[in-house]
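Since the structure is predicted, the reported quantities are computational estimates derived from the model, not experimental observations. For the numbers below, each heavy atom of this structure counts, side chains included, while hydrogens, waters and symmetry mates do not. Below, chain A is the first sequence line, B the second, and so on; all start at residue 1.
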There are 2 protein chains.
Amino acid sequence: MATIKDVARTAGVSTATVSAVMNDTAFVSPELRARVVTAIRELRYEPSLAARNLRRNRSQLIALAVADLSNPFYARIVWSAEAAVAAWGYSLVLFNSDEKPDTERRILSRIRTLGCDGMVLVPVGAANQYQPHEFEGIATVLLGRPIEGNSADTVSIDNRAAGRQAVDYLLDLGHRRIGSVTGPMQLSTSKGRLDGMIDAMAARGLTPQPGHVRSGEFREEAAYSVARDMMGSPDRPTAIYVANGVMAIGVMRAIADLGLRCPQDVSVASTDTVAGAGGLKPRLTRTEHPIADMTNEALRLLVDRIEERVSEPVRNIVFQPALIVGESCAPLRKDIG
Amino acid sequence: MATIKDVARTAGVSTATVSAVMNDTAFVSPELRARVVTAIRELRYEPSLAARNLRRNRSQLIALAVADLSNPFYARIVWSAEAAVAAWGYSLVLFNSDEKPDTERRILSRIRTLGCDGMVLVPVGAANQYQPHEFEGIATVLLGRPIEGNSADTVSIDNRAAGRQAVDYLLDLGHRRIGSVTGPMQLSTSKGRLDGMIDAMAARGLTPQPGHVRSGEFREEAAYSVARDMMGSPDRPTAIYVANGVMAIGVMRAIADLGLRCPQDVSVASTDTVAGAGGLKPRLTRTEHPIADMTNEALRLLVDRIEERVSEPVRNIVFQPALIVGESCAPLRKDIG
DNA sequence: CCCCGATAGCTAATCGTTTCGCTGAACTTT
DNA sequence: AAAGTTCAGCGAAACGATTAGCTATCGGGG
């Protein structure tokens, strides 16, 4: 690989001038500029980011650490993020914490070592598991799950509203015995959605039955077994609110395996389902997140911080979910009410 | 951020010693080692990759450039690749060429500038669109689509076998008027799969009708319109072989929109569908690729090259597809045969 | 008692950029 | 014509690590 010195020598100028031409950082006479440009082309010179970054203390890298790459929801985020990062002139370094706090901790340290200019993090741990120094000195945006007491910018969804919307819909259809399959309670996401459900029921003077609220990991398998258990009992709910897209797939499978039909025997509504899981029949009634918008916003905030165009302390952007009506919910049947 | 000098000063040793401790590259007495380790912990020192890389001419970065991040097939590759890259001690830089050769060209140059140690590329261009220098000096593995005449290692699927398997299955069910919706002909992937189809039909003395073989971009929309057109005509095929997973979704939608039923009115078989698109009803009969195995193998080859444990010129690994029988194919009905 | 070999640890050069501070030619201003 | 300005372009010092080559210490053999 040709270096800046080679270019300088070939063009008969100093390295400073080549640098000036490359970065348009000082006036260079047309003649010298032309010589430099020719030399660059001739030698196929490409500047070494390693050297530039060492000097500038920048890396042009933005890290994205998501909670579970096998989840289409996060795959969708990755897709949007790659586009946004490229549009801002950075490159994307991708990490998968696989919902494991330990892995996440290693990733955080790695991001630091790589000298990433910023990171977008979908945190997987509880608020008290983070040390302040893990976020120091590197621009951070938390996506999807805020961490209480953390001083990073945040882009999230109104989870409580999501739970409320979905369960309100089920209540409007006449359901009263409504169950829920939800994620780990230490995550604000799970908690918020469940709170929304409770809000909605409380507004009509109802409370969920204890055995009808189950939580487990945000995984298809966990949801399957939990749902199978819950739906196997005689006083099973007539409708279920599932707090996560992949979990919904597990729940649907459990229902089918129990010989129940959706929506005839049981209605299912969920939150955060990805449009692409779209082939699923019946199509889910769900609250959807504006993933692309959220991701773009997260990167806007991040780049703002990186390029220091921002002074305010912490910005918290909350998006609203939208209820998408599918075919997975039906009015309560008289005979099973 | 603390630097190696700070650590050296605090521990009362030279930077060389600190480096030796960090990299285990020379014998250091237990006493000094202890002092160094303490200082490192105390200052929370993390070495700067930028500096290390400048010196070592390494970046610890592996680039992955896929053809279309919105396609679950590639999302699956990304998932596997992240895990494999991390397991080998590198970090993953992700790019989406979006099936656009121009974008891909920019990506290649960016990868070079970043100084990535290696790259895994799912190429989107025709063989003659690549300049040899675009691959020079950087370890490369082509994934999925070989480029003829290119000297990079390759991991691919036996596309011809995939086409043959799927179409053989349709033929075994009695179908004779078989159509195909396939991708761009300049891609070896599309061509191979179509050739396989032709092989299978030829083996029974058949050839596809000209109007029954349509190609378009590897996108759902393209497939939708092409299929809609093909299936709208009176002598429409009784079975379709679709060369790609997302295209299959488009085809299924076209069939439904035309008021046809699958598999009763038309059988559909495809190649490369991702298991996760699994909710799709009826479940597709398809040839599947061992994505995780292919990706792992690609990274093994790549790391081999990067760490120069390899001398042979070019390695070409070809995986075999597996036929997965779903519910989207039925025996030929007498009345429409 | 001297010399030599082994080796722990240090000094300093190096990687390829950016950028500060300087030089000196060309122009202005009196 | 002398003095002051301007500014294109250069030289060299960073940035933070690795590493070749050197020094000094120690133990052992003759």
Tell me which pairs pass ring-ring contact (aromatic ring centres under 6.0 Å, His included) where either residue lies in residues 93-130 of chain A, with sequence neighbours left out. A:Tyr130-A:Phe135
Pairs meeting criterion ring-ring contact (aromatic ring centres under 6.0 Å, His included) with involvement of residues 8-43 of chain B, two or more places apart: none
Exactly one of A:Leu302, A:Ile317, A:Leu301, A:Thr140 should register a side chain to side chain contact (heavy atoms under 4.5 Å, CB included) with A:Asp153. Which one does? A:Leu301
Non-neighbouring partners of [X] that pass side-chain hydrogen bond (donor to acceptor under 3.5 Å, both in side chains), sequence neighbours left out:
X       : result
A:Thr17 : A:Ser14
A:Glu82 : none
A:Arg35 : A:Glu31

So, B:Arg145 side chain and B:Pro123 main chain: donor-acceptor pair closer than 3.5 Å or not? yes
Distance alone, cut at 3.5 Å: any donor-acceptor contact between the side chains of A:Ser80 and A:Arg76? yes
Given side chains that start at C-beta, do those of A:Pro290 and A:Ile157 come closer than 4.5 Å, heavy atoms only? yes
Let's see if you get this right: which residues in residues 27-37 of chain A place a heavy atom under 4.0 Å from DNA chain D? A:Phe27, A:Val28, A:Ser29, A:Leu32
Sub-4.0 Å heavy-atom contacts from residues 18-25 of chain B onto DNA chain D, ordered by number: B:Ser19, B:Asn23
Grab the two heavy atoms, one from A:Thr10 and one from A:Ala39, that are nearest each other, plus how far apart they are. CB-CB, 4.1 Å
Tell me the bend of the helix from C:dC1-D:dG30 to C:dT30-D:dA1 as the angle between end helix axes, each from five pairs, rounded to the nearest 10 degrees. 60°
Expected rows: protein N/O vs nucleotides 12-15 of chain C N/O, under 3.5 Å:
unit_1: C:dT14; atom_1: O2; unit_2: B:Arg55; atom_2: NH1; d: 2.8

I'd like the 5' and 3' limits of the part of DNA chain D contacted by chain A, with heavy-atom contacts below 4.0 Å. D:dA8 to D:dG16
Residue pairs meeting salt bridge (Lys or Arg N to Asp or Glu O under 4.0 Å), one or both in residues 55-69 of chain B, sequence neighbours left out, come to B:Asp68-B:Arg219
Any salt bridge (Lys or Arg N to Asp or Glu O under 4.0 Å) involving residues 111-122 of chain B? Give me the pairs, sequence neighbours left out, ordered by first then second residue. none
Under the salt bridge (Lys or Arg N to Asp or Glu O under 4.0 Å) rule, what do A:Asp293 and A:Arg300 come out as? Steps first, then yes or no, please. CA-CA 10 Å; A:Asp293 294 343; A:Arg300 207 182 57 72; over 6 Å; no
Should the heavy atoms of other residues, nucleotides or ligands under 6.0 Å from CG of B:Asn57 be counted, would the total exceed 12? no
Look at A:Lys100 together with A:Asp98 and state whether they make a salt bridge at an N to O cut-off of under 4.0 Å. yes
